[in-house]
Amino acid sequence: MDATGPPDLADRLRRIRDRVALAAQRAGRTADDVAILLAVKAQTAATARAVIDAGGHLLGHNRAQELLAMGPALAGHPHAMHFIGHLQSNKVNHVLPWVSCIQTVDSPRLAAKIDRAAARSGRVLDVFVQVNTSREPTKSGVAPAHALELTYAVGAAEHLRLRGLMTVGALSPDPDVVHDSYRRLADLRDAVVVSGVPGTADAAELSMGMSNDLELAIEAGSTMVRIGSAVFGPRPR
Ligand SMILES: *Cc1c(COP(=O)(O)O)cnc(C)c1O
């Protein structure tokens with residue numbers, strides 16, 4: 001693979017945009033209502049640059065180490081970078097300079113740590129609260145029963161701007177089960193934005209849906225799908 005990346009990257013990006021537009025239309029919404037974040041896990045910097053140049057301006061990393069390694073190589077290729085993986089408290093300071101948003105706040109302790117780090121660098125950082133809507137024990141995210149409490153704590157944090165909620169949907173062959181997990185996140189978001197709690201008024205985003213289930217997520221109200229394999233090919237791991 002050369003610096004232009006796989007030749008079909010732009011094609012695959014177009015196909016994802018078409019799928020998103022169609023799903024949005026079916027849900028009575030428009031393509032503009034749903035952002036497409038490209039999960040660049042395990043990709044080379046050349047591929048990430050190529051996808052940015054092909055028009056994919058919103059990227060996500062789920063591993064701090066990969067984010068730090070790739071960050072400098074993306075200079076000059078305008079993009080926004082979100083952190084979408086499980087974040088250990090001791091990695092917050094390393095990750096912060098490279099991201100405009102952390103989607104995976106799942107505990108009051110992590111929220112406080114990010115808030116302090118953002119304060120030190122004079123920033124207000126966009127964050128999502130990650131909810132484990134499927135209650136699968138292997139998944140990160142705050143339990144649905146504690147999600148509101150956590151969003152209110154995040155809303156109150158001076159250097160965090162709560163943008164919405166994020167989830168990794170249920171891993172199930174049953175579309176109803178997957179759809180239910182996404183509906184659960186949408187219901188929580190609805191409860192957050194009508195709560196009137198300070199700092200929660202901007203929290204309308206729903207980051208949910210991946211390559212295999214973006215249609216279900218958009219039907220349930222997704223405002224941001226996170227796409228990896230459908231654009232970059234099968235996951236190397
Ligand atoms: C890899 C990843 C995705 C994309 O998954 P695909 O099934 O490859 O589209 C989405 N969200 C997170 C958190 C990821 O780590």
Side-chain angles (χ1 to χ4, degrees), residues 5-6 8-9 11-20 22-23 34-45 47-48 51-52 54 56-70 79-88 91 95 98-107 110 126-142 163-173 175 177-179 181-182 184-185 205-237:
D8 54 354
L9 216 44
D11 257 9
R12 291 179 178 199
L13 199 52
R14 214 169 6 249
R15 253 175 281 158
I16 282 294
R17 288 210 184 98
D18 288 347
R19 277 176 65 189
V20 166
L22 192 63
V34 186
I36 298 173
L37 177 147
L38 298 166
V40 290
K41 65 157 83 63
Q43 301 304 319
T44 63
T47 299
V51 85
I52 294 168
H57 294 301
L58 177 58
L59 306 188
H61 259 298
N62 65 328
R63 285 170 196 236
Q65 214 174 322
E66 285 185 31
L67 169 71
L68 267 56
M70 190 186 284
H79 67 281
M81 180 68 77
H82 288 195
F83 195 78
I84 60 172
H86 180 65
L87 183 57
Q88 290 169 279
K91 298 277 168 59
V95 161
W98 299 107
V99 296
S100 60
C101 177
I102 293 176
Q103 293 201 3
T104 47
V105 177
D106 62 357
S107 73
L110 180 60
D126 283 356
V127 296
F128 288 60
V129 164
Q130 182 181 7
V131 183
N132 185 356
T133 50
S134 64
R135 300 187 189 86
E136 289 163 22
T138 53
K139 288 215 169 100
S140 314
V142 64
R163 300 296 316 280
L165 304 180
M166 177 270 203
T167 197
V168 177
L171 187 65
S172 167
V177 172
V178 179
H179 188 261
S181 69
Y182 290 143
R184 200 164 294 133
L185 197 72
E205 302 278 344
L206 287 173
S207 171
M208 57 188 198
M210 316 204 298
S211 294
N212 293 331
D213 63 9
L214 70 87
E215 284 82 4
L216 291 169
I218 291 171
E219 192 186 322
S222 174
T223 66
M224 186 185 294
V225 292
R226 306 180 308 268
I227 304 301
S229 51
V231 168
F232 301 112
R235 287 186 207 172
R237 59 172 188 254

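Counting starts at 1 for both ligands and their atoms, following the listed order.
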key: Ligand-residue contact atoms, ligand 1 with Asn62, heavy atoms, under 4.0 Å   = 15 (O)
ask   = Salt bridge check: are Asp11 and Arg14 linked by an N-O gap of less than 4.0 Å?
value = yes
request  = Around atom 13 (C) of ligand 1, find the nearest protein heavy atom and jot down its residue, atom name and distance.
outcome  = Ile84 O, 3.3 Å
inquiry  = Quick check: closest heavy atoms across His57 and Ile52, and the distance to 0.1 Å?
reply    = CE1-O, 3.4 Å
message = Given Lys41, Met210, Met208, identify the one with the heavy atom nearest to atom 2 (C) of ligand 1.
response = Lys41
note = of all protein heavy atoms, closest to atom 5 (O) of ligand 1 is Arg235 NH2, 3.1 Å
Identity and distance of the protein heavy atom lying nearest atom 9 (O) of ligand 1 = Ser211 OG, 2.4 Å
key: Side-chain heavy-atom pair Asp213, Tyr182 within 4.5 angstrom cut-off   = yes
request  = Assess the side chains of Ser134 and Ser181: does a donor N or O sit below 3.5 Å from an acceptor N or O?
outcome  = no
ask   = Which atoms form the tightest heavy-atom contact between Val142 and Val129, and what is the distance?
value = CG1-CG1, 3.9 Å
message = Gly228 versus ligand 1: do any nitrogen or oxygen atoms come within less than 3.5 Å of each other?
response = yes
message = Salt bridge check, Glu66 against Lys41: does any charged N sit closer than 4.0 Å to a carboxylate O?
response = no
message = Which of the numbered atoms in ligand 1 are under 4.0 angstrom from any heavy atom belonging to Ile227?
response = 9 (O)
ask   = Any N or O on Ser229 sitting closer than 3.5 Å to an N or O of ligand 1?
value = yes
key: Considering all heavy atoms, the nearest Lys139-Leu171 contact   = NZ-N, 3.7 Å
ask   = Counting from 1, what ligand 1 atoms have a heavy atom of Arg226 closer than 4.0 Å?
value = 4 (C), 9 (O), 10 (C), 11 (N), 12 (C), 13 (C)
